[in-house]
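Take a look at the structure below.
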Amino acid sequence: MATVELSRVWKRYGQVPVIHDVSLRVEDGEFMVLLGPSGCGKSTTLRMIAGLESISEGEVRIDDRLMNGVPAKARDIAMVFQSYALYPHMNVRENLGFGLRRRSVPREEIAARVAKAAASLGLEPYLDRRPHALSGGQRQRVAVGRAIVRDPKVFLFDEPLSNLDAALRVSTRAELTGLHRRLGATMVYVTHDQVEAMTMGSRICIMQDGRVAQVGTPMEVYREPANAFVAGFLGAPPMNLLSGRAEPIGGGTELRVGEAVLRLPQPLPPGSVTVGVRPETLQPSGEVGLGRLEGRITSVEQLGAETIVAFELAGAATVRARLDNTFAGAIGEAIALPVRPGCLHVFDPETGALVLRA
Amino acid sequence: MRRDWLSRGLLWGALALYTVYTAGPFVWVANMSLRTTPEIMAAPYAPAWTPHWWKFVEAWTTSNYGTYLWNSVAICVASVVIVTLVGAMAAHALARYRFRGRRIVGAAIFSTIIFPPQITIIALFQIMVEYDLYDTRLGLMLVYVAIQLPLTVYLLEAFFARIPEALYEAAKIDGYGGIEVFWKITLPVGFPAIATTIILNFIHLWNDFLYAVVIISDDNKRTLPLGIQKFMGDQMEDIGMIATGMMIAVIPVVLFYAFFSERLIQGMTAGAVK
Amino acid sequence: MDHRDEEARGRRIEVAAFLLPALLLFAAFTAYPVLRTFWNSLFEIRPNGNEIFVGFDNFREILTGDPVFRRAVLNTLVWSTVEPFIDVGLGLLLALALYTKVPFARFFRIAWFTPVLISTVVVAIIWSWIYNYDWGALNLMLRAIGLDGMTRAWLGDPATALPALILADSWKWVGFNMVVCLAALHSLPSEVMEAAELDNCGWWAKLCHVVVPMLRATLLNLLILAFISRMKVFDLVWVTTRGGPLWATETASTYTFKRAFEWRSFDLGYPSAIAVIWFLVVIAAVVVLTLLFRQRDRLEF
Ligand SMILES: Nc1ncnc2c1ncn2[C@@H]1O[C@H](COP(=O)(O)OP(=O)(O)O)[C@@H](O)[C@H]1O
Ligand SMILES: [Mg+2]
């Protein structure tokens with residue numbers, strides 16, 4: 001049982017900072033996902049927690065104990081690597097027990113723990129095989145098993161599912177969440193896949209260019225993105241981000257997006273803004289809502305359960321809407337969809353920070 | 001169709017001819033090794049209808065062959081063990097650590113691979129004399145280790161550098177430090193490359209003549225290549241006996257080759273095959 | 001912070017521990033001897049330990065007044081430029097023959113490689129017999145086809161001794177080049193060879209326009225490797241002719257060896273100077289070859 005805390009952590013390679021002032025607290029038993037595009041510094045952050053990378057500035061604590069400079073082996077963590085990093089010259093049993101042997105755990109106990117982990121992961125038939133004789137999914141489970149037998153304070157995962165095929169990824173996702181529930185251990189999980197993040201995380205920490213963009217539960221970061229980056233990163237298709245202008249009118253504001261006009265009750269200073277609307281909140285209905293987005297359909301993607309419609313907003317960019325599969329419009333036809341109250345996000349076009357939600 | 005047949009036949013003929021060219025001399029010497037010199041002189045290419053196996057016994061007992069063989073085995077095995085270990089350690093350091101001077105150390109060691117032996121051999125002779133290592137097996141062994149070291153480090157470094165870093169990180173998290181990682185990860189994972197260098201070094205040293213002839217003079221310390229030459233000198237015109245002596249030297253290698261041909265070929269061509 | 005310093009120091013100690021044995025051996029038995037040879041070359045070194053500084057006299061004498069050295073250099077250069085083409089060319093042809101999937105290709109490959117593993121001393125004795133005037137295989141064959149006039153003591157005749165040794169050496173090394181070429185051929189995408197097959201060009205055209213360009217890097221490597229190895233040639237000469245007859249087979253290595261250990265001239269300075277000159281020649285050759293072929297490669301792409 002453990003907490004992990006990063007306070008004002010920096011990482012520099014030479015003079016180049018790749019992690020900027022990251023602060024994050026992972027609570028005991030939490031499943032924290034580090035999510036972000038490739039190269040944003042997720043692995044580096046994880047590796048600083050693991051002790052595989054030195055910390056240029058700031059502090060990392062596990063269970064409130066300062067970890068800066070403590071070698072990886074003394075941090076009581078276990079890590080599952082993207083490439084699994086199984087020892088090719090050892091069979092599954094030896095791979096699982098390797099970490100325990102070093103810690104001079106008695107032989108019988110090693111055997112017992114290996115057997116237990118193997119049983120829980122369905123690895124018993126393969127205990128005497130070498131990694132090269134295992135399938136991708138089996139290797140992945142050995143890598144997880146190697147972490148489990150150690151019974152560490154914190155589990156660290158670095159994109160452990162990215163080498164699996166799509167079907168296996170879905171089932172393994174469920175297995176890992178099940179594992180988290182069963183063990184109740186603290187886990188930090190790195191991924192660039194938002195579906196993994198949304199389905200697995202207790203909380204998600206979204207990273208952008210070495211900084212923390214937002215931390216919150218999956219629904220918080222989805223519904224209430226703190227900035228345009230988070231808004232645009234989550235969701236498939238992602239939130240529509242349209243540039244527009246705000247003009248005060250009476251006590252409220254008029255937002256002009258191309259030729260569309262949206263009216264908000266809240267006041268906003270005049271100037272350009274970025275307007276965000278999630279595709280699934282755009283649904284045909286008789287209401288007007290905050291205003292209507294109108295244009296000509298440019299593409300219709302029928303996905304079976306739903307239909308993704310893209311239309312050219314007059315005088316502005318392309319807007320995507322996620323409609324149900326009964327939608328019958330065709331390319332070139334006109335479409336008008338109301339923006340529902342409570343589903344509009346306004347961001348600062350310069351900083352990307354959320355200005356208001358309406 | 002006819003033409004195809006013809007060209008196939010020609011190709012086969014050429015291959016067979018070349019095989020006779022490479023293998024013929026061996027067969028000839030093997031044949032001679034079972035015949036006496038008067039027989040050979042009477043008909044140099046006649047088959048050994050009545051093989052004189054006793055010649056092997058005589059060659060072995062009347063000469064110092066046992067000693068030569070033992071010297072070769074002892075010196076080569078010791079040198080190969082040491083050069084493999086020392087070379088693997090250095091290759092591990094060069095492949096797995098980032099430190100100042102790494103490139104310079106690597107370049108200095110690797111560049112000596114192309115040095116001609118003369119540039120060291122006279123000074124090596126002087127050093128051996130000065131430190132009482134001249135005409136000793138220890139001295140020859142040290143020189144053997146030194147001359148095979150650069151190539152060994154070069155080949156192993158290239159291989160070790162390709163072992164994924166994550167393996168070492170996993171071991172680090174599992175609690176293994178610098179030296180243990182070398183024993184438990186680098187050596188076993190790098191085994192194919194190590195086997196290759198062992199073979200390469202062993203064959204090179206087993207066949208070495210130049211360094212042995214400079215450093216060894218006592219008959220009891222001679223290695224096989226020196227021994228064969230000595231034997232040739234002693235037997236003068238006794239062609240049959242010389243052939244027997246040569247077979248004694250060649251048979252261990254050929255036997256080994258018969259069982260591990262692919263590995264030996266792979267080992268000998270390491271570095272040249274990409 | 002001290003934690004990190006401690007870790008850095010630990011890593012430095014580890015690096016040092018791993019490198020030290022190799023560096024010590026390297027320093028004592030490679031680097032030091034090289035430097036000492038350079039140093040020696042400026043002295044006349046007598047057996048009683050007397051070292052007389054002579055400056056560049058050794059070099060002057062070698063370069064201006066030593067016909068044997070000149071002969072040795074010439075022989076070695078001939079050897080090391082001719083043999084690589086025989087070795088690599090024949091090796092490539094044999095590899096191509098095996099590549100076309102003849103039956104027993106594996107057997108041929110293993111059989112042809114055998115000489116590579118045999119001690120040069122043995123090779124030398126075998127070939128000195130093959131070249132024997134009275135009962136050597138070569139003369140026997142010549143007599144058999146009625147060319148009695150061409151028979152001779154091949155290693156005893158200054159005109160033929162060097163070519164005879166080059167042939168013997170290539171007998172040992174062709175198999176090596178064959179295996180490397182074959183491996184390179186197998187690593188080519190098979191479509192290339194199949195496409196050439198379809199183009200239905202003659203095998204010679206295929207060789208020149210498809211195989212050789214595709215294997216360029218490997219072939220160059222082999223040529224350079226063969227060149228460097230031949231620059232060092234010693235054993236074969238020493239066991240067969242000792243550089244004779246009349247210096248016809250003297251090489252840089254045998255001459256250095258003779259001057260240092262055979263002539264009992266008891267001067268290690270002069271042969272050291274020979275070694276230095278030859279060392280510089282080899283290094284220069286390697287540098288030139290590397291630069292030359294790098295340059296060409298760059299132009300092509
Ligand atoms: N050893 C290194 N030297 C310099 N830059 C590095 C090094 N390792 C990673 N980086 C940089 O740090 C950034 C973050 O990398 P990483 O943490 O691996 O990203 P990811 O989020 O994809 O896991 C990247 O821009 C990468 O280029
Ligand atoms: Mg990463």
Side-chain angles (χ1 to χ4, degrees), chain B residues 11-12 14-15 18-19 22-23 25-26 28-29 44 86-87 89-90 92-93 97 99 105 109 112 114-120 122-124 126-127 142-143 145-146 149 153 178 182 203 206-207 209-210 214 224-225 228-229 232 242 246 249-250 253-254 257 261 264-265 268-269 272-274, chain C residues 11-12 14-15 18-19 21-22 25-26 29-30 33-34 36-37 40 94 97 102 108 110-122 125-126 130 135 171 175-176 179-180 183-184 218 221-222 225 228 231-232 234-235 239 252-253 256 260-261 268 271-272 274-276 278-279 282 286:
Chain B
L11 181 65
W12 249 87
L15 299 191
Y18 188 77
T19 310
T22 50
F26 286 120
W28 183 43
V29 173
V86 171
M89 282 165 63
H92 177 79
Y97 291 86
F99 55 92
V105 169
I109 295 179
T112 61
I114 57 160
F115 283 14
Q118 294 100 306
I119 197 66
T120 55
I122 298 169
L124 277 174
Q126 290 174 296
I127 295 169
L142 285 172
V143 169
V145 170
L149 188 63
V153 177
F182 174 69
I203 299 284
W206 185 261
N207 291 340
F209 179 74
L210 175 60
V214 169
L224 263 181
I228 301 166
Q229 198 210 11
M232 188 175 78
I242 298 173
M246 275 158 62
V250 167
V253 177
V254 169
Y257 184 54
S261 35
L264 272 180
I265 291 177
M268 285 301 284
T269 53
V273 176
K274 289 269 160 18
Chain C
R11 284 170 55 86
R12 269 204 295 279
E14 277 170 26
V15 171
F18 279 125
L19 274 180
L25 281 163
F26 181 75
F29 298 108
T30 304
V34 170
R36 183 156 175 183
T37 305
N40 281 347
L94 291 169
V102 290
F108 283 132
I110 291 175
W112 297 347
F113 193 78
T114 321
V116 177
L117 301 167
I118 301 303
S119 162
T120 313
V121 177
V122 172
I125 298 173
I126 294 180
I130 291 177
W135 44 270
W171 177 81
F176 177 88
V179 165
V180 176
T218 305
N221 247 342
L222 283 176
L225 191 68
I228 299 171
M231 298 279 270
K232 304 174 182 175
F234 174 79
D235 314 13
V239 177
S253 294
T256 316
F261 307 112
L268 293 180
S272 294
I274 298 177
V276 167
W278 193 244
F279 170 77
V282 172
V286 171

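By convention in this document, chain letters (A, B, ...) are assigned in the order of the sequence lines, proteins followed by strands, and residues within each chain are numbered from 1. Basis for what follows: all heavy atoms, side chains included, without hydrogens, waters or symmetry-related copies. Being a predicted model, the structure only gives us computed values, none of them experimental.
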Does any backbone or side-chain atom of [X] lie under 4.5 Å from a heavy atom of chain C? Answer side chain, backbone, both or neither.
| X | value |
| --- | --- |
| B/Leu210 | both |
| B/Thr19 | both |
| B/Val105 | side chain |
| B/Trp12 | side chain |
| B/Thr112 | side chain |
| B/Leu149 | side chain |
| B/Phe209 | both |
| B/Tyr257 | side chain |

With a 4.5 angstrom heavy-atom cut-off, is it the side chain or the backbone of [X] that approaches chain B, or both, or neither?
| X | result |
| --- | --- |
| C/Phe234 | side chain |
| C/Asn40 | side chain |
| C/Val286 | side chain |
| C/Ile126 | both |

_Nearest non-hydrogen partners of B/Phe115 and C/Lys232, listed with the distance_ =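 For B/Phe115 versus C/Lys232, the nearest heavy atoms are O-CE, 3.5 Å.
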
*Which atoms form the tightest heavy-atom contact between B/Thr269 and C/Phe113, and what is the distance?*
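It is CG2-CE1, 4.0 Å.
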
_Residue selection (most heavy-atom pairs with chain C, distance under 4.5 Å) from B/Pro116, B/Ala146, B/Ala90_ =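 Winner by heavy-atom pair count: B/Pro116.
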
*Residue selection (most heavy-atom pairs with chain C, distance under 4.5 Å) from B/Leu142, B/Leu224, B/Val153, B/Val145*: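 Between B/Leu142, B/Leu224, B/Val153, B/Val145, the count favours B/Leu142.
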
How long is the gap from [atom1] on [X] to [atom2] on [Y], to the nearest 0.5 Å?
| X | Y | atom1 | atom2 | answer |
| --- | --- | --- | --- | --- |
| B/His92 | C/Phe18 | NE2 | CZ | 4.0 Å |
| B/Ile203 | C/Ile118 | CD1 | CD1 | 8.5 Å |
| B/Ile109 | C/Leu25 | CD1 | CG | 10.0 Å |

*Donor-acceptor contact below 3.5 Å, side chain B/Asn207 vs main chain C/Thr120*: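 No: the side chain of B/Asn207 does not pair with the backbone of C/Thr120.
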
